[in-house]
Amino acid sequence: NGKIAIGASHYLNEEEMPSQEQGAKELVALAKKSVRLEDIEVVDVFSGMRSGSNDYLPVLGSLIDSGKSLMNEENGSSCVHFPRLYMINGVGGYGFVLAPYLAEFMCAHIIDGNEIPEYLDLKRFYKRWRKKESQR
């Protein structure tokens, strides 16, 4: 139908984000470097903060109940997870091409009980957060 979608920007802080009009102009200018575009009319603009992790790796797994986990730590137990509550996030850092690959890990975890690789597991952020909390 002659419509195309382009994006996405890489703004991680709200203060950095340009207006929707300026952001659309920037994206069109970048797209023109890759594809021949003429007589562009911007029909819709969707914007918001980009979700990402501080190490730029995606995260997936069962969400951790930090309140219950903190109580368990006193007894030497491991993390407590919310039942049947999972997330996949941060796929924007390496592109959406990773989403199907990550979904395979998630499905294998939920359906077959397979472990999620440590470098992707949400626990890596819980451990960092917990360490900072204990130093306060």
Side-chain angles (χ1 to χ4, degrees):
N1 63 5
K3 292 183 182 179
I4 61 169
I6 60 172
S9 61
H10 297 276
Y11 300 106
L12 299 176
N13 299 307
E14 194 170 350
E15 303 81 37
E16 297 175 341
M17 286 181 56
S19 67
Q20 286 190 347
E21 182 180 336
Q22 182 59 35
K25 284 180 184 178
E26 290 175 12
L27 286 175
V28 169
L30 286 170
K32 284 182 176 181
K33 291 180 179 182
S34 301
V35 180
R36 193 178 77 172
L37 300 173
E38 298 172 354
D39 299 323
I40 299 295
E41 175 190 354
V42 176
V43 179
D44 281 316
V45 176
F46 302 95
S47 64
M49 295 307 302
R50 180 172 219 187
S51 178
S53 60
N54 58 2
D55 61 5
Y56 299 104
L57 286 172
V59 291
L60 62 139
S62 305
L63 290 183
I64 298 169
D65 183 333
S66 60
K68 289 183 180 176
S69 293
L70 289 172
M71 288 189 289
N72 266 13
E73 285 178 14
E74 294 173 4
N75 301 326
S77 301
S78 60
C79 295
V80 176
H81 297 270
F82 287 102
R84 299 175 306 281
L85 187 58
Y86 306 93
M87 71 173 279
I88 296 178
N89 201 355
V91 295
Y94 287 103
F96 291 98
V97 295
L98 279 183
Y101 178 67
L102 297 171
E104 281 188 43
F105 281 120
M106 184 67 85
C107 288
H109 174 69
I110 294 170
I111 295 169
D112 301 325
N114 293 356
E115 290 293 318
I116 291 176
E118 191 174 322
Y119 64 93
L120 296 173
D121 198 305
L122 288 164
K123 289 178 194 170
R124 76 181 198 269
F125 289 109
Y126 175 76
K127 290 175 185 176
R128 290 177 192 168
W129 172 81
R130 183 64 188 105
K131 185 177 179 180
K132 283 181 185 177
E133 286 296 303
S134 68
Q135 294 173 350
R136 288 185 179 193

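Predicted model, so just to flag it, every value in this text is computed and none were measured.
With His81 as reference, Ile64 is the one residue of Ile64, Leu122, Leu63, Asp65 to meet the side chain to side chain contact (heavy atoms under 4.5 Å, CB included) rule.
A side-chain hydrogen bond (donor to acceptor under 3.5 Å, both in side chains) check over residues 107-119, counting only residues at least two apart or in different chains, returns the pairs Ser62-His109.
Linking Ile, Leu, Val, Met, Phe, Trp and Tyr residues whenever their side-chain heavy atoms come within less than 4.5 Å places Phe125 and Leu85 in a single cluster.
Here the shortest heavy-atom pairing between Met106 and Gly61 reads CE-N, 3.4 Å. Closest approach of Pro58 and Leu98 over heavy atoms only: CG-CD1, 4.0 Å.
Separating the OH atom in Tyr86 from the CD1 atom in Ile110 is a distance of 5.0 Å, to the nearest 0.5 Å. For the atom pair Cys79 SG and Tyr126 OH, the distance stands at 5.5 Å (nearest 0.5 Å). Rounded to the nearest 0.5 Å, atoms CG (Asp44) and CD (Gln20) are 9.5 Å apart. Between the CD1 atom of Ile40 and the CD atom of Glu38 there is a distance of 8.5 Å, given to the nearest 0.5 Å.
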Which is it for Val59 and Arg124 under the side-chain contact (heavy atoms from CB on, under 4.5 Å) test, yes or no, and what are the steps along the way?
CA-CA 9 Å; Val59 291; Arg124 76 181 198 269; 3.3 Å; yes
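Glu21 has its side chain out of reach of Val42: every pair of non-hydrogen atoms, C-beta onward, lies at least 4.5 Å apart.
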